[in-house]
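Notes for the one structure printed next.
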Amino acid sequence: MTRYFEVTKRDGAARMGKLLLKESHSTPLILEVASGYPVVYAGSLWRRTNITPGDVDEGTLVILPDKSMPLHARAEKVKKMVESARESRQEWDDWQGAVGHIVHPAYPDTSNADLYVMGCAKQMEHNPRVLLETVTYIRNNTPPDTALYAPALATPENLALLIYLGVDVVDDTLAVVRAFDDMYMMPGGEYRLNDLFELPCGCKVCSNTSAVALKEMKSPQRGELIAQHNKARLEEEKHIIVHHIRYGQLREYVEGKCRSVPWLTALLRLADQQYSYLELRTPTYRRSTMYTNSAESLDRVEVKRFADRVRTRLRPPETSILLLLPCSARKPYSLSNSHQYFNRALGKYRRALNEVIITSPLGVVPRELELVYPAAHYDTPVTGQWDLNERSWVGGCLLDYLKNHRYSHIIAHVDGAYQEICQSAASELGLDITYTGNGEGSVTSSQSLKTLSETVKAIVEGGGYMLRKPKDITITMLQSIADYQFGRGAGDLLVPENATIKAPFPKHQVYDGRTPLGTLNASTGALIPTLEGGRRLMELGTYQVHIDDFVPGSNLLAPGVVDADPDIRPSDQVIVVGKRAIGVGRALMGGDEMIRSSRGVAVDLRQVKEI
Amino acid sequence: MTLTQNTASRKKKARPVDRPTAVWPGSDLLDGKPVDSLTIIFCTTGCYWGMGDGCTMCGYINDSADSPPLDDDLLAQLDHAAAKSSPKTSLIKIFTSGSFFDQKEISQPARKRILETIGEMGTVKKVVAETRPEFVTDERLIDTLNVLDRYDIRFEIAMGLETSSDTIRKDCINKGFTFDDFTRASKMAADVGVTTKAYLLLKPPFLSEKTSVDDMLSSISDTVPYASTISLNLCNVQNGTLVEELHNRKDYRPPWLWSAVSVLKKAKDMFPYIIFMSDPVAAGSKRGPHNCGECDKEVAQVLRDFSISQDLAILSDVDCQCYSLWEKVMELEDNAYGSYLIK
């Protein structure tokens, strides 16, 4: 519960915020430790004289005096020191300003503070498990509107990972102290000055000197110059990271940044394995492109979550003929050349089919969900080669899909790796798949398109299968999108069978008679319910935010939230429910954060009605 | 913190009970002049405190005997040691890896015989013996003086005070006595004309470089009224100690030699009439006090030279490019909240 920190922007666990002291300081923040401003350590309790409350301006954040222990100190010893420190700093009990607490991983005491300082964080360098455990423990056990400080740990190389995991405040300690140890830092790693033949940097310091001149210089002048360079690199790295947070693309940046050393790669992989920490904080929808460039991309929340919702929320198909298709580079798939070829080849018979696209890394994308984030937003390197992880992940998704849904006919218009994946799923489940993509080389060759066309025609006409009306196909699509978004059953509530659909693909609007219920947001693939749409969704009980006895304005602030569905993620459409008002809007924080925060905007409200 | 592994369970080296743990001739200051000295570490049953909880940095319990030496064994140890002394030995330093005044280590009759034997050597002018303060009593002091006065030998007790901060001594060292215990013993000694030498410990575990340097300076000011000689002991990593456990896990770094230089410089400047000594054990190794690796030998030698000469100028006569790194460590390490910054 803090008056001094507010989160203003989130990208997964990473945040931008404001430390509201005498002046406002944007986070992520790099403290200049030697300046003692705006955060000051009152000092070790093993010192004879320390800073006292009288010495400090109330606009400064004070890290309370402590008896800090090294990383491997036993829990009982740390506990003893924590308790004895608490007794020895009673002069601070009445301090009214902002407060920082040092938290030791062996005995994490997270009692009330505005800033939590990771004790002995320096020793977590090269120790990804403990680092991850400590960050996640503190963030999970402290109010979301408190800041997290990792002291003496940041370098231009690891800063992106630290911030990605949820660290808000770092410092220049390593950049400075290592400079005096002749370590020259770059975003891609650090180098011994002695090993450098030229200075790989154009900063003010480096453009005015050379590697030779720097080596010949005496300390402390040499150290000061390298420190200036290191600090500039650290600051610059922060700005790049902030840019990526703003555009929701920090994950892409981090997947690249973690490559330079094994411990950072391990850190990202461990965080992905841990999953729930990142999942809880990762938005459901973005507008930005999702680049899945690395092996770790397969494990990112967006990929796992999409597959999970296809498995658990997707409504059963309305036809009994399945057509499996390969993905396309252009999104949504239906606008790509290849899918346009397929459509033309299928003609009206397409309306008897259930189309599912096979793709890495999303697994399987039902045609109905092709507009939904991240299906319409991902971009992945295409070489025709699929690695074993991709094959097993995509194969697993297909297997799950085929287990959950029964068809009388399965046609696969695929070739290459796609076909191998289909074959292995078919043989495992004992299914028959008709392959139509086995023409001369390409699924878009006239030969294979002809095979596709004739195969489908024969099946549909031979079995007397019904051709659905185009409008019904659109309704099914919107219902599927609603189910994906709010949970199974939402589609029937938000998109009735007899709904009127206005506006062309993909900007559909849903009406019940003359009453608007929702609009499809073409850039995220989310259905945006109107107030009436939200009212109808209430029956489902999901994605609701309960508020006190008041009528909110255009922003619902976190303190007004009484309860919230824990499944709510940032960017989700939510229904705000109170005694005196009902509203619909977009969540800016997750449900858990709404409940635990005392600051910040919880929901950006689009429509509110007094009741 | 208990050091259970430190005492009961650890295997000791088998040692003959009639040989001292160690003995070496050396050179020490006496009345402002370097003289020949002899240091004897008697092999006794060992420090009672070390056999219990023990101090976090002390591994001397390793040097104690498997079976309690008889009085005759202790005398045999002394004979063995005396054989290694220079014919002009003026100063004898008696260590037991425990307390010379603990009668469980050295019985009263043995103590008397040891002192008499030293007296009979004829050249000795001063005896220094180490003890914890709780064993310093009027009776034992007078007993000792009764023998030494016959030979006109001065006596000094040496106590491991480590720091004048009771909090640090308790939290970081686990020494089991207070500053008051030390001053009581020192005053008692002064009352019968016995001087006190105090050992102070630079950088017990858990302290940052700066905090430990500042603690030494405060401790020196606090201790000066009670000790004529102050020995600055630079913490090193001894077998079977908590400090070793911490060091192995990168939780502990022994002090920088620059820290010792800086403490001695300021201390000697403030208290020119006090003798300051420092013998940097294991200097330059990972387990001992060290700087960057380039200058360790030189700086360690400067500390030893200063201890003999008490000449402040020597301490300013040494430099290395790592000095400014040490300065930054001093400035920033407190803000690492438990970790050291540079190995």
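So that the names make sense, note that chain A is the first sequence line, chain B the second, and so on, each numbered from 1. From a predicted model like this one, the values you see are computed outputs, not experimental measurements.
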Given a strict heavy-atom distance threshold of 4.5 Å, which part of [X] is in contact with chain B: side chain, backbone, both, or neither?
| X | answer |
| --- | --- |
| A:K218 | neither |
| A:A34 | both |
| A:I63 | side chain |
| A:D181 | both |

Might you confirm whether atom [atom1] of [X] has over 12 heavy atoms from other residues, nucleotides or ligands at distances under 6.0 Å?
| X | atom1 | value |
| --- | --- | --- |
| A:K215 | NZ | yes |
| B:Y60 | OH | no |
| A:Q221 | CD | yes |

Side chain / backbone / both / neither for [X] at chain A, heavy atoms under 4.5 Å:
| X | result |
| --- | --- |
| B:D214 | side chain |
| B:Y323 | neither |
| B:T163 | side chain |
| B:D166 | neither |
| B:L341 | both |

Could you walk me through whether A:Y41 and B:Y337 pass side-chain contact (heavy atoms from CB on, under 4.5 Å), step by step?
CA-CA 10 Å; A:Y41 179 33; B:Y337 310 101; 3.5 Å; yes
Quick check against the 3.5 Å criterion: does B:D251 have a side-chain atom that pairs as donor or acceptor with the backbone of A:H72? yes
| said: Between A:K67 and B:F206 (side chain of the first, backbone of the second, donor and acceptor by atom type, cut-off under 3.5 Å), is there such a pair? | reply: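 Not a single qualifying donor-acceptor pair exists.
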Heavy-atom closest pair (A:C120 atom, B:G338 atom, distance to 0.1 Å) is CB-C, 4.2 Å
Between [X] and [Y] (salt bridge meaning N to carboxylate O under 4.0 Å), is one present in this structure?
| X | Y | value |
| --- | --- | --- |
| B:D222 | A:R48 | yes |
| B:E245 | A:R74 | yes |
| B:D334 | A:R47 | yes |

Next on the checklist: For the CD atom of B:E333 and the NZ atom of A:K122, what is their distance to the nearest 0.5 Å?
Outcome noted: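 Here the rounded value is 9.5 Å.
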Q. In Å and rounded to the nearest 0.5 Å, what is the OG to CD1 distance from A:S44 to B:I168?
A.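 Output value for this atom pair is 7.5 Å.
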Counting heavy-atom pairs under 4.5 Å with chain A, the top scorer among B:L207, B:L325, B:V329 is B:L325
Mind running side-chain contact (heavy atoms from CB on, under 4.5 Å) on B:S339 and A:E125 for me, showing each step along the way?
-> CA-CA 11 Å; B:S339 305; A:E125 198 182 20; over 6 Å; no
Check: B:Q321/A:S219 side-chain N/O donor and acceptor closer than 3.5 Å: no
Is the closest side-chain donor-acceptor distance between B:D215 and A:W46 under 3.5 Å?
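Their side chains do not contain a donor-acceptor pair, so the 3.5 Å distance test is not met.
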Discussion item. Between B:I342 and A:V177, is there a side-chain heavy-atom distance shorter than 4.5 Å?
Written reply: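 Yes. Closest side-chain heavy atoms under 4.5 Å.
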Check your understanding: Are any non-hydrogen side-chain atoms of A:L71 and B:R249 less than 4.5 angstrom apart?
Key -> no
Top residue by heavy-atom pair count (under 4.5 Å) with chain B, among A:A179, A:A121, A:P151?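 Top count of heavy-atom pairs under 4.5 Å with chain B: A:P151.
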Under 4.5 Å, counting heavy-atom pairs only, tell me which of A:S88, A:P70, A:G43 racks up the most with chain B.
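Option with the top pair count is A:P70.
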